Amino acid sequence: MIKRENEMKVAVHKEFLGGKGTLTNIHFLDIEDAAGSGRLFVRSILEPGSSIGNHTHKGDFEVYYILKGKALVDDNGIKVELNPGDSIHTKNGSFHSIENIGEENLEYIALILFDQEA
């Protein structure tokens, strides 16, 4: 199945999970098409100063892969700066957040898969 950019679902969230500013998600794969393996596969965009608040993953895990910009992530209480080419893997039962600390939009791939061992 081919999806053109203009056919992908775009979701805009304000102050997502207690964060600041605006998050835009461009959905590559909807949960209905994920064959029970996950619930999110998107290109995420956070405007400068925007963030996603701290949240815990239960029954799933998430990977962020940074494409553009500069991020500050909280990885289970450890704050680290991420740049293009860097990633973070938040395991089932762990928590994280992400904030755009750069001057341009922060763009990254976000993938949430179900933890089959949970």
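Since the structure is predicted, the reported quantities are computational estimates derived from the model, not experimental observations.
Summarising the geometry, atom CD belonging to Glu99 is positioned 12.5 Å from atom CG belonging to Leu82; distances are rounded to the nearest 0.5 Å. Remark: Glu62 CD to Ser94 OG distance equals 12.0 Å, nearest 0.5 Å. Here Leu106 contributes atom CG and Leu23 contributes atom CG; the two are 10.0 Å apart, rounded to the nearest 0.5 Å. In this structure, Ile112 CD1 and His57 NE2 are separated by 5.0 Å, a value rounded to the nearest 0.5 Å.
The shortest side-chain heavy-atom distance between Ile66 and Asn83 does not fall under the 4.5 Å cut-off. In this structure the side chain of Val73 never reaches within 4.5 angstrom of the side chain of Thr90, judged on heavy atoms. Using a 4.5 Å cut-off on side-chain heavy atoms (C-beta onward), Met8 and Val10 make no contact.
Within 6.0 Å of atom CD in Glu7, more than 12 heavy atoms from other residues, nucleotides or ligands are found, so the atom counts as buried in its surroundings.
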Under 3.5 Å, which donor-acceptor pairs do the side chains of residues 35-53 form with other protein atoms, sequence neighbours left out?
residue	atom	partner	partner atom	Å
Ser37	OG	Ala34	O	2.6
Arg39	NE	Asp60	OD2	2.8
Arg39	NH2	Asp60	OD2	3.1
Ser44	OG	Asn25	OD1	2.6
Ser50	OG	Thr22	N	3.0
Ser50	OG	Glu47	O	3.3
Ser51	OG	Lys20	N	2.9

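Note: the hydrophobic cluster containing Ile98 also contains Ile78 (ILVMFWY, side chain heavy atoms under 4.5 Å, direct or indirect links). In the hydrophobic cluster analysis, where Ile, Leu, Val, Met, Phe, Trp and Tyr join through side-chain heavy atoms closer than 4.5 angstrom, Leu17 is grouped together with Ile88.
Partners of Asp30 by side chain to side chain contact (heavy atoms under 4.5 Å, CB included), not counting sequence neighbours, listed by chain and number: Lys3, Lys9, His27, Glu32, Asp33. Partners of Glu104 by side chain to side chain contact (heavy atoms under 4.5 Å, CB included), not counting sequence neighbours, listed by chain and number: Lys68.
For residues 4-23, the set of pairs meeting the ring pair (Phe, Tyr, Trp, His ring centres under 6.0 Å) definition, not counting sequence neighbours, comprises His13-Phe16. A ring pair (Phe, Tyr, Trp, His ring centres under 6.0 Å) check over residues 64-88, counting only residues at least two apart or in different chains, returns the pairs Tyr64-His96, Tyr64-Tyr108.
Through direct or indirect side-chain contacts shorter than 4.5 Å among Ile, Leu, Val, Met, Phe, Trp and Tyr, Leu72 is connected to Ile101.
Listed for the Asn92 side chain is a donor-acceptor partner under 3.5 Å among the backbone atoms of Gly59.
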